[in-house]
Peer 1: 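This is the structure, below, for whatever I ask next.
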Amino acid sequence: MGEPVIPKQLENAKRLKEFKYYFNDKGQLRNTETNQPFVFKQYSNATNLNHQWYKVFGTVLAEYVYELLEKECLLKRVYIPLEAAEDGPKSFCFMSEGALTNPCKLIVLLQDRGVMRAGTWSQQLIVHDCLDTGTQIPFIKKALREHYEVIVLNSNDNFMPIKQDDVAAAEEKKQCDSDQKYNLTLKQIPKRGFESAEQHVIYIWDHFISKSTAMNVAFIAHGYGGLTFVNLLNERTEVMSKVYAVAFINSAHDADHQNVGQIGRNWIEKKCRNWLLSPKPLDKPVSSVRMDCAQVSAGTENHDLAPTICFHSIFKYLKKVANVQKTNRFTRSPIVTRSLSKKNCLKEKKRM
């Protein structure tokens with residue numbers, strides 16, 4: 001997949017160490033005391049407390065990845081809504097420097113639903129494998145090397161946490177008195193205007209992607225991200241003229257259930273490819289009930305691992321479609337010659 005994600009000395013590394021974990025030079029999560037892989041069960045006989053601990057630990061992991069996006073990929077964090085008050089609830093996404101002004105190519109990355117935040121394909125892989133397979137960073141670096149601009153969506157950032165001191169049961173408090181600094185008990189309230197992944201994606205489209213100068217926009221969408229893209233297609237028909245290709249990775253979209261019209265279905269058939277979970281080798285044709293676009297094997301039956309396995313195939317596909325589009329654009333444009341120019345002038349005079 002190219003150069004590995006090598007974690008640097010980041011601010012959020014200090015927060016990870018408070019949980020007794022760090023990332024080694026291979027991007028693997030390890031215990032600071034034992035150097036062993038991650039263990040979910042932090043407290044014995046306290047299932048609820050373990051879940052709370054892991055939830056807060058997950059927010060620290062997300063912040064760690066955000067920092068990698070900014071410092072290793074040089075993306076900038078853009079807060080939304082644009083008109084939000086300084087102390088009001090906000091969401092955000094990440095963009096490369098020329099994402100809105102470069103007239104060439106733009107890739108938009110859209111993750112699956114759940115705990116995944118901007119820059120993450122799979123929190124499970126970050127925890128149990130490495131940053132290279134669990135994050136979108138290899139995709140971002142590859143895109144930037146191939147002169148794409150990049151926008152990384154954060155479609156699951158829909159709620160704002162609020163501290164609560166008295167939610168945990170008394171017996172659990174005895175076990176975690178020393179861990180109160182982790183804020184184990186959190187309550188969440190929805191961020192108005194971004195309560196769903198669909199709303200987040202539409203906002204980013206309306207205020208950024210649709211206004212960008214990029215002539216060639218591509219989406220890479222994993223799992224539920226595919227469904228939110230098709231929802232965007234339904235809500236904003238101009239998507240069909242702005243986006244030249246979509247790489248779905250085991251997409252959750254369904255043209256029938258989402259009531260996609262015939263024009264939209266025709267566009268999906270021509271412009272999209274879906275890498276489905278399959279025991280077949282990578283890129284081999286796969287039959288599916290939802291034959292709304294080309295369906296090929298993801299080369300794995302593991303949903304979380306699919307983006308990593310499909311990595312090179314996806315970029316080859318996007319490059320191929322872009323080249324075909326460029327060729328078609330060139331062949332359809334008439335070559336202006338003196339004789340042609342003269343004929344056009346005579347036609348104009350006759351009209352006059």
Side-chain angles (χ1 to χ4, degrees), residues 1-16 22-29 59-80 82 84 90-111 116-123 125-126 130-157 200-201 203-205 207-222 225 247 307-308 311-312 314-315 318-319 322:
M1 288 178 65
E3 59 184 289
V5 180
I6 301 176
K8 302 173 183 178
Q9 289 301 313
L10 306 176
E11 287 298 319
N12 282 291
K14 298 175 183 176
R15 295 184 65 194
L16 277 178
Y22 77 104
F23 283 103
N24 64 19
D25 290 342
K26 295 180 180 179
Q28 300 167 321
L29 192 65
T59 65
V60 176
L61 284 178
E63 289 292 342
Y64 188 91
V65 174
Y66 294 158
E67 197 172 353
L68 284 173
L69 295 183
E70 293 172 318
K71 294 187 177 178
E72 192 164 317
C73 300
L74 303 180
L75 302 185
K76 59 180 180 178
R77 193 181 305 209
V78 178
Y79 287 95
I80 54 176
L82 296 174
K90 294 185 285 288
S91 185
F92 54 90
C93 63
F94 290 88
M95 300 184 190
S96 57
E97 189 64 35
L100 305 181
T101 57
N102 190 328
C104 295
K105 301 182 293 183
L106 171 66
I107 281 183
V108 183
L109 298 175
L110 186 50
Q111 68 271 44
M116 274 66 72
R117 297 293 184 263
T120 298
W121 290 130
S122 168
Q123 184 172 291
L125 287 179
I126 292 176
C130 66
L131 290 166
D132 209 36
T133 57
T135 73
Q136 299 172 349
I137 292 173
F139 281 77
I140 296 166
K141 288 183 174 180
K142 172 78 169 174
L144 294 174
R145 283 198 303 271
E146 295 195 0
H147 308 293
Y148 284 93
E149 298 296 337
V150 177
I151 293 180
V152 180
L153 299 184
N154 202 12
S155 55
N156 298 317
D157 182 39
H200 178 96
V201 173
Y203 187 93
I204 299 298
W205 175 269
H207 292 82
F208 301 109
I209 303 172
S210 67
K211 297 178 180 179
S212 73
T213 59
M215 295 178 64
N216 296 303
V217 179
F219 274 73
I220 301 176
H222 184 215
T308 297
F311 176 77
H312 291 293
I314 287 172
F315 278 95
L318 296 181
K319 186 174 183 180

Peer 1: Looking only at heavy atoms, what is the nearest atom pair of Gly119 and Leu69, with distance?
Peer 2: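 Minimum heavy-atom contact is CA-CD1, 4.0 Å.
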Peer 1: Any idea which heavy atoms bring Gly134 and Leu125 closest together, and the distance?
Peer 2: CA-CB, 3.7 Å
Peer 1: Without placing hydrogens or testing angles, list every side-chain donor-acceptor pair under 3.5 Å for residues 97-104, not counting sequence neighbours.
Peer 2:
residue, atom, partner, partner atom, Å
Asn102, OD1, Cys104, N, 3.0
Asn102, ND2, Glu149, OE2, 3.0

Peer 1: By side-chain contact (heavy atoms from CB on, under 4.5 Å), which residues pair with Ala143, not counting sequence neighbours?
Peer 2: Ile107, Tyr148, Val150, Phe315
Peer 1: So among Thr213, Val217, Asn216, which one has a side-chain contact (heavy atoms from CB on, under 4.5 Å) with Leu106?
Peer 2: Val217
Peer 1: Once rounded to the nearest 0.5 Å, what's the spacing between atom CG of Leu75 and atom CG of Leu144?
Peer 2: 6.5 Å
Peer 1: Is it true that Lys105 and Glu146 have a side-chain N and a carboxylate O under 4.0 angstrom from each other?
Peer 2: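 So Lys105 does not pair with Glu146 through a salt bridge.
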Peer 1: Apply the side-chain contact (heavy atoms from CB on, under 4.5 Å) test between Val108 and each candidate in Val152, Val201, Ile209; give the one that qualifies.
Peer 2: Ile209
Peer 1: What residues, two or more places apart in sequence or in another chain, satisfy side-chain contact (heavy atoms from CB on, under 4.5 Å) together with Ala62?
Peer 2: Tyr66, Arg117
Peer 1: Say you draw a straight line from NZ of Lys26 to CG of Leu131; how long is it, rounded to the nearest 0.5 Å?
Peer 2: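 Those atoms lie 14.0 Å apart.
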Peer 1: What closest approach, in Å, do Gly225 and Leu110 show between heavy atoms, and which atom pair accounts for it?
Peer 2: O-CD2, 3.1 Å
Peer 1: According to the interplanar angle, ranging from 0 to 90°, do the rings of Phe92 and Phe94 count as parallel (below 30°), tilted (30 to 60°) or perpendicular (above 60°)?
Peer 2: perpendicular
Peer 1: Quick one, Leu16 and Val60 - any side-chain contact, counting heavy atoms below 4.5 Å?
Peer 2: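 Yes, their side chains come closer than 4.5 Å.
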Peer 1: Hey, is the main chain of Met116 close enough, under 3.5 Å, to the side chain of Thr120 for a donor-acceptor pair?
Peer 2: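 Checked: no pair found.
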Peer 1: Ignoring hydrogens and angles, state whether a donor on the side chain of Asn12 or Glu63 is under 3.5 Å from an acceptor on the partner side chain.
Peer 2: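 Judged by distance alone, the side chains do not pair up.
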Peer 1: Ignoring hydrogens, what is the shortest heavy-atom contact between Pro307 and Phe139? Give both atom names and the distance.
Peer 2: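 Minimum heavy-atom separation between Pro307 and Phe139: O-CZ, 3.2 Å.
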Peer 1: For Tyr203 and Leu82, work out which heavy atoms get closest and say how close.
Peer 2: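 Smallest interatomic distance, heavy atoms only, reads OH-N, 2.9 Å.
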Peer 1: Which pair of heavy atoms, one from Leu153 and one from Gln111, lies closest together, and at what distance?
Peer 2: O-OE1, 3.2 Å
Peer 1: Below 4.5 Å, heavy atoms only, C-beta onward: do Leu318 and Ile220 meet side chain to side chain?
Peer 2: yes
Peer 1: Tell me, do Ile137 and Asp132 make a side-chain contact under 4.5 Å, heavy atoms counted?
Peer 2: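 No; the side chains remain at least 4.5 Å from each other.
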Peer 1: May I ask you to test the Thr133-Ser122 pair for a side-chain heavy-atom distance under 4.5 Å?
Peer 2: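 Thr133 vs Ser122: side chains apart.
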Peer 1: Between Phe23 and Ile126, does a side chain to side chain contact (heavy atoms under 4.5 Å, CB included) hold up when you go through it step by step?
Peer 2: CA-CA 10 Å; Phe23 283 103; Ile126 292 176; 3.8 Å; yes
Peer 1: Indicate yes or no for a side-chain donor-acceptor contact from His200 to the backbone of Asn156 under 3.5 Å, with no hydrogens or angles considered.
Peer 2: no
